[in-house]
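Positions are given from 1 along the sequence. Counting starts at 1 for both ligands and their atoms, following the listed order.
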Amino acid sequence: MTTLSADKIITPAEIPLCEPQFAGNEWAYIKSCLDDNWVSSVGPFVNRFEAQCAQIAGTSYGVATVNGTAALHAALLVAGVQSGEEVITSSLTFIATANAIRYIGAAPVFIDAEPTYWQMNVQLLEDFLQEECVVTSQGCLNRKSGRLVRAIVPVHVHGHPVDMDRLMELAASYRLIVIEDATEALGSSYSDKPAGGIGHIGCFSFNGNKLITTGGGGMIVTNDPALAQAAKHLTTQAKCGNAEYIHDQLGYNYRMPNILAALGCAQLEQLDAFIRRKRSIAARYNEFFANHLGFTPQGTAPKAISNCWLYAVRVDRAKTGFSARELISRLAQKGIQSRPLWQPMHLSQVHKDYQFVGTGVASDLYENVVSLPCSTGLSNAQQDQVLSVIEAILEQ
Ligand SMILES: *Cc1c(COP(=O)(O)O)cnc(C)c1O
């Protein structure tokens, strides 16, 4: 039998980049699903997981989904974004954000990152809206493309929130809906407001490498009862009522199974401990890099509290003597997994034909940033091992 490349079994690194940890009630809750026969798309854990995620985001409603990409797709649909309209988002993001926009036939407009915190550059966003857009009776019009701009999807990269104070002001002036891609930012906040609950809709992901995992899963959160109801309906095949198979819309089977929500409930009980561990790992890396020339970690904005989901540092080759890519391969030789950032969306073969507003920060970060091991289960000894490899390369 030949194995397709997507199914290739990867030999795990001795020190992986970002692995999940199951140290709580995971087994017990999953067993109760099997014992009670509640394994599928409705069940007590789904309700509980939705309520708990909504509470963390400071919202009234949560709608669990099959993954974060589905959450983004459904959020854009219930927000009323139409095919042929435009949606502003970050160029520096995982491709799922841009894909979700494209699924509905909308056109992304990519905003560059700012160099300190690596988030959507809100000044560039303002420049774009001021110089290229005008508010009409139909909404915000991009004068160059002739298309209506309907929404902004800011991405909280690595769990560090975008400047949501300014972004929400701009959104209000230009009549734009805000859908937070908070997939990496569960437990983060900006100006004391929880990430995911600041915009009109927020989306989380519980993929295996995220802060908490359900194996695969996502969540839509909102304070708007109509949006929440629409999201639940759309992700449940737009089925009307319980008894009959009658549907009033083109719906999706995007629901999260109870068995996965059980995993999520158990993981949520450890959220505070996970965040504490992530912060302590970040603090130890920061201390090391503060004492070594040529490294600039992702910064933390004054009003931001990050869950420190993924640790990353920019390598200045002129000072260190090696590039980010060289560092990645040297670490790999020692069994240590590290990664570059995502290829910016405006450079992606899939999305390069869409408008980009920027100066080249995202591509600089793509070139020069390395993400380092930061699993919640990473021990101090393992982290020291990572740092001693970096130290040794520096000495050569
Ligand atoms: C993980 C992630 C997603 C998608 O979530 P999935 O659960 O993998 O579908 C979307 N956007 C960003 C920025 C992500 O990191």
Side-chain angles (χ1 to χ4, degrees), residues 6 17-20 49-50 53 57 62-77 87-104 108 110-113 117-120 151-162 164 178-188 195-196 199 201-221 231 235 252-257 260-261 263-264 267 278 298 306-312 339-346 348 350-351 362 365-366 369 371 374-375:
L17 182 70
C18 192
E19 253 193 351
F49 191 47
E50 289 178 337
C53 287
V63 177
T65 60
V66 77
N67 57 52
T69 311
L72 286 163
H73 183 201
L76 287 157
L77 286 166
V87 176
I88 301 167
T89 192
S90 311
S91 182
L92 188 68
T93 184
F94 178 57
I95 199 163
T97 323
N99 284 357
I101 294 166
R102 294 281 303 285
Y103 292 162
I104 54 181
F110 298 115
I111 308 285
D112 207 350
Y117 316 117
W118 310 352
Q119 306 305 318
M120 176 189 282
I152 313 178
V153 184
V155 182
H156 305 315
V157 175
H158 294 168
H160 183 296
V162 175
M164 290 303 286
V178 177
I179 299 166
E180 291 176 73
D181 182 338
T183 45
E184 303 177 357
L186 187 70
S188 301
I201 310 180
C203 297
F204 294 114
S205 164
F206 311 109
N207 186 32
N209 64 352
K210 297 297 202 291
L211 190 56
I212 68 154
T213 186
T214 57
M219 183 77 62
I220 297 167
V221 292
T235 54
Y252 297 84
N253 179 12
Y254 274 178
R255 290 173 302 183
M256 175 185 285
L260 297 188
L263 199 47
Q267 288 267 288
K278 289 281 190 186
Q298 180 175 6
S306 174
N307 63 10
C308 299
W309 166 62
L310 195 67
Y311 188 86
R339 287 273 184 89
L341 284 186
W342 317 283
Q343 180 183 47
M345 291 305 109
H346 69 282
S348 162
V350 183
H351 300 297
L365 296 171
Y366 169 58
V369 167
S371 299
C374 55
S375 309

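- In this structure, the side chains of Leu263 and Phe206 stay at 4.5 Å or more apart for every pair of heavy atoms.
- Between the side chain of Gln119 and the main chain of His160, a donor-acceptor pair closer than 3.5 Å is present.
- The distance from atom CD1 of Ile101 to atom OG1 of Thr89, rounded to the nearest 0.5 Å, is 4.5 Å.
- Using cut-offs of 30° and 60° on the angle between ring planes, the pair Phe110 and His351 is perpendicular.
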Walk me through whether Met219 and Leu186 qualify under side chain to side chain contact (heavy atoms under 4.5 Å, CB included).
CA-CA 10 Å; Met219 183 77 62; Leu186 187 70; over 6 Å; no
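- Legend: side-chain hydrogen bond (donor to acceptor under 3.5 Å, both in side chains) pairs involving residues 62-75, not counting sequence neighbours, sorted by first then second residue: His73-Tyr254.
- Among protein residues, Asn67, Gly68, Thr69, Leu72, Thr93, Phe94, Ala96, Thr97, Val155, Asp181, Thr183, Glu184, Ser205, Asn207, Lys210, Gly217 come within 4.0 Å of ligand 1, judged on heavy atoms.
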